[in-house]
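The structure under discussion appears below in the form of structure tokens.
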Amino acid sequence: MLDIQLLRTNLDTVCERLATRGYVLDTVAFQKLETQRKTLQTRTQDLQANRNSLSKQIGMLKGKGEDATAVMAEVSALKAELDANEIALGDLLREFDAFVATIPNTPQDSVPVGKSAEDNVEIKRWGKPASYDFTVKDHVDLGEALGQLDFATAAKIAGARFSLLKGPLARLHRAIAQFMLDVHTEEHGYTEIYAPYLVNAASMTGTGQLPKFEADLFKILRPDAEPLYLIPTAEVPVTNIVRDEILAAGALPLKFVCHTPCFRSEAGSYGKDTRGMIRQHQFDKVELVQIVAAEKSVEALEELTRHAETILEKLELPYRRVVLCTADMGFSSAKTYDLEVWLPAQNTYREISSCSNFEAFQARRMQARVRNDKNKTELVHTLNGSGLAVGRTLVAIMENNQRADGSIRIPDALRPYMRGAEIITLPR
RNA sequence: GGAGACGUGGCCGAGAGGUCGAAGGCACUCCCCUGCUAAGGGAGCAUUCGGGCACAAACCUGAAUCGAGGGUUCGAAUCCCUCCGUCUCCGCCA
């Protein structure tokens with residue numbers, strides 16, 4: 001959610017910045033709502049003040065045992081207008097909030113202006129894609145030939161867009177997550193979190209999945225209780241740690257790493273990446289979350305993105321970093337870097353991490369604050385990034401490290417997690 | 001799943017229709033006193049939003065908030081309803 005004060009005082013500037021991401025802010029509608037709000041709120045509060053002081057008089061009169069019927073008649077006369085105003089104000093404020101809630105975050109100045117994903121800008125490349133003296137296979141062919149990746153059985157058990165791993169490949173999947181957690185906790189200073197995979201609507205609203213993206217979520221309805229949602233990313237439970245909190249001065253930065261499964265309905269994505277593990281209803285991810293002071297968030301995004309890149313480098317996976325243009329950024333983000341890993345079978349780079357600075361956009365919605373050195377509260381800034389998506393990392397390792405006979409070389413960094421094994425081959 | 005108790009500021013805790021945003025204590029901040037330490041005295045100390053107000057701060061003022069949301073009432077921390085959460089006992093369970 002954007003700062004309403006900023007909208008009131010600098011509407012034109014906000015409007016221009018939003019236009020760079022292709023969002024047209026209806027300033028006429030906003031101004032109209034704002035004018036109505038101001039008159040209605042002032043009037044309502046005047047009436048409430050009047051009622052409060054009269055009611056207080058009644059209390060004082062009755063306390064002294066005197067007659068209060070005249071004052072009671074006076075306050076009764078107010079009631080009809082006050083009730084009408086309170087109802088109208090409530091409706092208007094809800095409408096106002098709903099309107100503001102649909103406005104996306106404003107991009108930072110360093111974000112390239114663009115019209116589509118075509119306009120994203122490559123920042124750097126690391127590593128050199130290997131050349132192969134045989135025809136490369138994709139991870140589906142490799143995994144099925146090894147007898148360790150089974151989409152048919154997953155479909156029988158659950159349905160389309162699920163996968164089943166067996167044996168060494170299942171272990172490699174686990175090893176990847178363990179390795180990432182170890183690097184981030186031991187070398188990058190993150191605190192490991194284990195968090196709920198089901199969360200309430202308030203948490204989903206806090207990080208911005210609700211109300212706009214309900215269709216992408218798996219929802220658990222319960223007859224005698226409020227619904228729960230399966231998390232689409234650990235960002236949701238972890239960032240909500242600070243919801244409705246006022247953190248002590250000096251408590252920041254908070255750096256959390258959390259490995260969870262992620263569940264996405266992705267209703268709009270059918271037909272895209274239907275083959276393989278690239279786009280699934282369930283996948284594992286190691287997520288990095290930082291809660292920082294406002295003036296620190298720009299550098300924190302650089303740091304966090306480096307932490308994710310370090311994993312790719314330790315796994316010897318060629319990648320590039322892309323800064324998303326204004327049109328391609330997520331709703332809540334002020335700036336986003338995507339990391340894309342090289343996939344030889346697709347002969348292209350594919351997203352494996354997305355690192356974003358949300359500034360105060362999520363914090364405002366969550367009321368996540370910190371006490372500054374003047375003992376005043378101010379909103380924190382929130383950031384997160386995948387460090388990395390586990391399933392896609394498995395895909396990248398399989399495809400980049402494949403050998404002519406269909407076996408897969410295990411990167412050095414993962415061998416301690418694989419009882420020292422160097423390759424994955426057909427089980428004997 | 002069954003039965004019961006409870007939810008008040010950073011923390012503890014009083015308040016049980018009226019002058020209550022809320023006694024008292026702890027913690028914290030400032031001041032005074034004091035060789036050091038400890039103790040003592042005084043003052044301050046919730047959040048969000050609106051208006052004064054033209055950017056910000058300060059200040060003044062109003063509203064809302066006692067787990068959340070509704071209701072009753074001129075007036076609700078207090079009474080009623082729903083939900084959320086905590087605790088105790090029983091059952092079940094990794």
*Hey, mind stepping through A/Phe361 and A/Phe331 against ring-ring contact (aromatic ring centres under 6.0 Å, His included) and telling me if it holds?*
CA-CA 10 Å; A/Phe361 197 83; A/Phe331 179 80; 5.8 Å; yes
*So what does A/Arg371 touch, heavy atoms closer than 4.0 Å: a base, only the sugar-phosphate, or nothing?*
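Sugar-phosphate: the residue A/Arg371, judged by heavy atoms under 4.0 Å, touches backbone atoms but no base.
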*Name the nucleic acid region contacted by A/Gln5, choosing base, sugar-phosphate or nothing; use a 4.0 angstrom heavy-atom cut-off, strictly under.*
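Result for A/Gln5 = sugar-phosphate.
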OP1 or OP2 of [N] under 4.0 Å from side-chain N/O of [X]:
| X | N | value |
| --- | --- | --- |
| A/Arg369 | B/U48 | yes |
| A/Thr377 | B/U47 | no |
| A/Arg51 | B/A64 | yes |
| A/Lys56 | B/C74 | no |

*With RNA chain B as reference, determine whether A/Thr44 or A/Ser55 sits nearer its 5' end, using the nearest nucleotide of each.*
A/Ser55
*Hey, which sits more toward the 5' end of RNA chain B by its nearest nucleotide, A/Arg37 or A/Gly59?*
A/Gly59
Please give the nucleotide sitting opposite [N] as a Watson-Crick or G-U wobble pair, both distances under 3.5 Å, or none.
| N | value |
| --- | --- |
| B/U82 | B/A68 |
| B/C20 | none |
| B/G4 | B/C87 |
| B/G40 | B/C32 |
| B/G62 | B/C49 |
| B/A27 | none |

If I take atom [atom1] in residue [X] and atom [atom2] in nucleotide [N], what distance separates them, rounded to the nearest angstrom?
| X | N | atom1 | atom2 | value |
| --- | --- | --- | --- | --- |
| A/Arg243 | B/G67 | CZ | P | 18 Å |
| A/Ile246 | B/G10 | CD1 | C1' | 9 Å |
| A/Glu226 | B/G69 | CD | C1' | 10 Å |
| A/Asp244 | B/A68 | CG | P | 10 Å |
| A/Arg365 | B/U48 | CZ | P | 19 Å |
| A/Gln45 | B/G52 | CD | P | 12 Å |
| A/Leu54 | B/A63 | CG | P | 12 Å |
| A/Asp46 | B/A64 | CG | P | 12 Å |

Determine the interatomic distance between [atom1] on [N] and the same-named atom on [M]; round to the nearest Å.
| N | M | atom1 | value |
| --- | --- | --- | --- |
| B/G17 | B/A22 | C1' | 15 Å |
| B/C66 | B/U48 | C1' | 15 Å |
| B/G7 | B/G15 | P | 11 Å |
| B/A56 | B/G42 | P | 40 Å |
| B/C20 | B/G62 | P | 15 Å |
| B/A63 | B/G21 | P | 10 Å |
| B/A46 | B/A27 | C1' | 15 Å |
| B/C6 | B/G67 | P | 14 Å |

*Would you say the side chains of A/His259 and A/Asp284 form a donor-acceptor pair under 3.5 Å?*
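Side-chain D/A pair, A/His259 to A/Asp284: present.
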_Polar side chain donor-acceptor pair, A/Gln108 to A/Glu359, under 3.5 angstrom_ =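 Yes, side-chain donor-acceptor contact under 3.5 Å.
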From the list [options], which nucleotide is the closest neighbour of the side chain of [X]?
| X | options | result |
| --- | --- | --- |
| A/Thr9 | B/U19, B/C55, B/C74 | B/C55 |
| A/Asn52 | B/A46, B/A64, B/C74 | B/A64 |
| A/Gln367 | B/C74, B/U48, B/G62 | B/U48 |

*Sort out for me which residue in A/Asp216, A/Val199, A/Val236 forms a side chain to side chain contact (heavy atoms under 4.5 Å, CB included) with A/Gln209.*
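In the set A/Asp216, A/Val199, A/Val236, the residue that makes a side chain to side chain contact (heavy atoms under 4.5 Å, CB included) with A/Gln209 is A/Val236.
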_By the definition side chain to side chain contact (heavy atoms under 4.5 Å, CB included), identify the one residue from A/Val257, A/Leu388, A/Ile311 that meets it with A/Val286._
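The residue from A/Val257, A/Leu388, A/Ile311 that satisfies side chain to side chain contact (heavy atoms under 4.5 Å, CB included) with A/Val286 turns out to be A/Val257.
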*Report the residue from A/Ser386, A/Ser356, A/Ser354 that forms a side-chain hydrogen bond (donor to acceptor under 3.5 Å, both in side chains) with A/Asp338.*
A/Ser354
*Between A/Arg409 and A/Glu316, does at least one N-O distance fall below 4.0 Å, as a salt bridge requires?*
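Counted as a salt bridge, because a side-chain N and a carboxylate O are separated by less than 4.0 Å.
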